[in-house]
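Below is one structure; the comments refer to it alone.
Note that this is a predicted model, so its numbers are computed, not measured.
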Amino acid sequence: MSDMKIINIAVIAHVDAGKSTLVDAFLNQSGVFRANEEHVDCIMDSNDLERERGITIYSKNCSIKYGDYKINIVDTPGHSDFSSEVERVIRTVDTVILLVDSIEGPMPQTRFVLQKSLELGLKPILVINKIDKPNHRAEEVVDMTFDLFVDLQANDEQLDFPILYGIGKQGIMKYELDDEGSDIKPLLETIIERVGEYPKQDEEPLQLQISALSYDNFVGRLGIGRIYKGRVKEGQTVEIADNDGKIRTAKISKVMVYEGLKQVAVKEATSGDIVVIAGVPDISIGETVGEIGKVDPMTPIHIEEPTLAMNFLVNNSPFAGQSGKFVTTRHIKDRLEKETEINVGLKVEPMDTTDGYRVSGRGELHLSVLIENMRREGYELGVSKPEVIMHRDEEGKLVEPVERVVISVPEEYSGSVISKLNLRKGMMQSMEPENGHIRIEYLCTTRGLLGFRSELITDSRGEATMVRRIEGYTEYVGELPRRGNGALIAQEQGTTMGYALNSLEDRGILFVKPGVDVYEGMIIGQNSRKEDMTVNPCKNKKMTNTRSSGADEAIRLSPPKTFTLEEALEFIEDDELVEVTPDGIRLRKKILNESERVRAAKRK
């Protein structure tokens with residue numbers, strides 16, 4: 001292996017530009033699979049949730065061989081909630097392939113990943129993807145991307161980027177738009193020509209920086225990182241410098257490298273390669289591994305601060321423990337601690353009371369993916385409304401995170417979208433028409449955007465798309481409008497009846513259908529007025545032995561509104577919780593009993 005020349009590349013882009021599909025093409029065309037192995041699309045999106053949502057959540061590695069080169073490829077997430085993943089990954093590579101959709105052009109997330117790459121001095125390769133779309137505007141997109149490079153103060157060498165045109169789905173890359181393309185060779189040739197092999201520095205003292213973590217049930221915590229100099233051997237005793245410069249000794253029990261999609265154990269790995277090391281239980285991101293007495297610490301890796309927090313509480317509803325296996329505080333604590341081992345953007349702190357934990361992360365998606373994973377593993381919990389984490393700046397002023405939002409919406413709905421964002425104290429940055437849609441760009445606080453996505457989808461009849469990315473911090477903008485409607489709350493435990501729900505339909509929107517078990521304090525619908533209302537959804541028609549003149553008409557109910565986890569978290573208010581169990585998501589009041597709720601409101 002040691003005579004292979006090594007190049008490391010990352011594929012960066014915005015959500016849906018085709019990163020995972022391009023990685024598929026690399027793997028399929030490099031003979032990683034034997035003839036009899038089955039192929040799946042988006043091979044790298046191995047997690048169930050990634051497959052269902054069609055997005056990459058965790059960055060992952062694989063490698064291919066091309067000639068006498070070994071190319072390590074990192075597939076990165078495009079979602080801004082997972083940008084802490086992207087930031088670290090970019091440090092371990094020699095170049096990035098920037099994928100841009102031939103119609104959309106560069107998006108806010110493209111800007112972010114590109115900026116990080118340029119700051120580290122990488123020389124990107126531009127691929128305009130999806131040129132098989134009939135109305136593509138590849139030349140215009142190249143100009144837009146060039147302006148973005150200039151905007152981000154790229155140097156002359158970086159501005160002289162090679163451009164390729166591709167159809168990732170078919171695994172085709174070409175140098176010119178009208179070339180005949182058949183495979184991705186042009187891209188591989190460009191990578192080798194643009195980057196060249198990593199300079200061999202095997203004889204220097206070892207320098208290896210950890211950029212990602214993983215976990216194995218047999219050997220514990222694994223550190224993944226790149227060897228910048230030297231070589232690392234199985235069983236070697238090393239010194240590790242942490243992010244504060246303190247040095248400790250450890251022994252590496254196992255060294256693995258990537259071959260295709262597999263991690264393969266090796267006796268030693270050489271400079272330039274990306275390795276996985278085991279045997280250091282407390283290894284963490286940004287630490288430098290070196291030889292005894294010769295450790296040369298690299299610049300620590302800065303992880304962005306969390307922006308949203310929510311409380312994970314023990315589920316104390318009357319239905320607790322009916323479907324979940326893990327229901328106690330200890331279970332929740334162990335699971336969250338295991339998550340912080342590998343999920344670096346996450347912070348877990350104990351709460352003043354003993355029944356839960358405060359968990360902070362990079363955004364709604366970041367936290368809801370964790371909750372969804374826990375739910376599938378058999379955990380039950382109550383989750384509070386997400387709160388935005390505020391800070392004080394140097395002058396002691398209160399500041400809050402602000403995001404750049406790009407919305408593309410059909411013209412006829414643009415008015416209501418703009419007025420909603422203005423109500424939420426957003427600032428319009430630009431507005432331009434594109435193919436019957438209007439593309440609107442806003443700066444709006446994270447707090448103002450909570451709950452906005454579901455309103456946007458309703459207002460635009462499901463036709464709008466929204467992309468957001470954290471820009472920085474702004475001064476506290478004051479109070480924002482709350483949910484305009486109260487809740488319909490069940491008065492007692494029982495099973496819902498069509499007869500009762502039929503008469504409640506005039507009161508608002510229902511969240512339950514007939515025959516569902518409910519309990520006192522559970523939210524079963526949204527009131528059409530702004531106050532909460534306690535109702536009885538379990539009442540049935542009184543039976544008599546005389547036939548009524550309005551002979552029982554069949555009850556026709558509108559289908560109830562069902563919530564995904566993110567929508568439920570956006571919907572609830574401060575005095576409400578989302579009850580998450582393996583078999584469902586319910587909304588409820590924190591205080592279930594009506595008279596106690598009234599007393600608590602009076603005390604407030």
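Closest approach of Pro514 to Leu557, counting heavy atoms only: CG-CD1, 3.5 Å. Looking at every heavy atom in both residues, Val314 comes nearest to Ile332 through CA-CD1, 4.2 Å. Taking both residues in full, the closest heavy atoms of Leu565 and Ser368 are given as CD2-O, 3.5 Å, listed atom of the first, atom of the second, then distance. Across every non-hydrogen atom of Pro537 and Leu501, the tightest pair is CB-CD2, 4.0 Å. Minimum interatomic distance between Gly478 and Arg447 (heavy atoms only, all atoms of both residues): O-NH2, 2.8 Å. The two residues Arg375 and Thr581 come nearest to each other via the heavy atoms CG-O, 3.2 Å.
Judged purely by atom type and a 3.5 angstrom limit, Glu380 uses its side chain to pair as donor or acceptor with the backbone of Gly321. When atom types are taken as modelled, the side chain of Glu576 and the backbone of Leu587 share no donor-acceptor pair closer than 3.5 angstrom. Side-chain atoms of Arg358 do not come within 3.5 Å of backbone N or O of Ala309 as any donor-acceptor pair. Looking only at distances, a side-chain donor or acceptor of Arg424 sits under 3.5 Å from a matching main-chain atom of Leu450. Side-chain atoms of Ser408 do not come within 3.5 Å of backbone N or O of Arg439 as any donor-acceptor pair. When atom types are taken as modelled, the side chain of Ser384 and the backbone of Asn311 share a donor-acceptor pair closer than 3.5 angstrom. Using a distance-only test at 3.5 Å, with no hydrogens or angles considered, no donor-acceptor pair links the side chain of Lys420 to the main chain of Glu455. Formation of a donor-acceptor pair under 3.5 Å by the Glu505 side chain with backbone atoms of Ser558 is found in this model. Between the side chain of Lys589 and the main chain of Gly521, no donor-acceptor pair closer than 3.5 Å is present. The main-chain N or O of Ile591 is found under 3.5 Å from a side-chain atom of Arg597 such that the two form a donor-acceptor pair.
Atom CG of Asn373 is separated from atom CD of Glu339 by 7.0 Å, given to the nearest 0.5 angstrom. Atom CD1 of Ile418 is separated from atom CD1 of Ile438 by 7.5 Å, given to the nearest 0.5 angstrom. Expressed to the nearest 0.5 Å, how far OG1 of Thr445 lies from CG of Leu480 amounts to 5.5 Å. Taking OH of Tyr258 as the start and CD1 of Ile73 as the end, the distance is 13.0 Å to the nearest 0.5 Å. Here the straight-line distance linking atom CG of Asn540 with atom OG1 of Thr496 works out to 10.5 Å at 0.5 Å rounding. Between the CZ atom of Arg529 and the CG atom of Asn485 there is a distance of 11.5 Å, given to the nearest 0.5 Å.
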*Test side-chain contact (heavy atoms from CB on, under 4.5 Å) on Asp532 and Asn527 and set out the steps.*
CA-CA 7 Å; Asp532 288 345; Asn527 194 355; over 6 Å; no
_Candidate pair Asp517 and Thr495, rule side-chain contact (heavy atoms from CB on, under 4.5 Å), full reasoning_ = CA-CA 4 Å; Asp517 289 334; Thr495 306; 3.1 Å; yes
*Leu449 and Tyr442: CA distance, side-chain angles, deciding distance, side-chain contact (heavy atoms from CB on, under 4.5 Å) verdict*: CA-CA 11 Å; Leu449 289 170; Tyr442 258 84; over 6 Å; no
*Hey, mind stepping through Asn593 and Glu520 against side-chain contact (heavy atoms from CB on, under 4.5 Å) and telling me if it holds?*
CA-CA 7 Å; Asn593 181 288; Glu520 181 185 8; 3.7 Å; yes
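Between the side chains of Arg588 and Asn316, at least one donor-acceptor pair of N or O atoms lies under 3.5 Å. Remark: the Asn315 side chain and the Glu579 side chain contain an N/O donor-acceptor pair separated by less than 3.5 Å.
Atom NZ of Lys385 sits in a crowded spot, with more than 12 heavy atoms from other residues, nucleotides or ligands closer than 6.0 Å. Open room surrounds CZ on Arg507; 12 or fewer heavy atoms of other groups in view lie less than 6.0 Å from it. Atom NZ of Lys425 sits in a crowded spot, with more than 12 heavy atoms from other residues, nucleotides or ligands closer than 6.0 Å. Counting heavy atoms of neighbouring residues, nucleotides and ligands inside a 6.0 Å radius, atom NZ of Lys590 exceeds 12 of them.
Applying the ring pair (Phe, Tyr, Trp, His ring centres under 6.0 Å) test to every pair with at least one member in residues 477-526, sequence neighbours left out, gives these pairs: Phe319-Tyr519, Phe511-Phe563, Phe511-Phe571.
Tyr357 has its ring centre no less than 6.0 Å from the ring centre of Phe312.
Side chains of Glu400 and Met390 form a contact here, defined as non-hydrogen atoms less than 4.5 Å apart.
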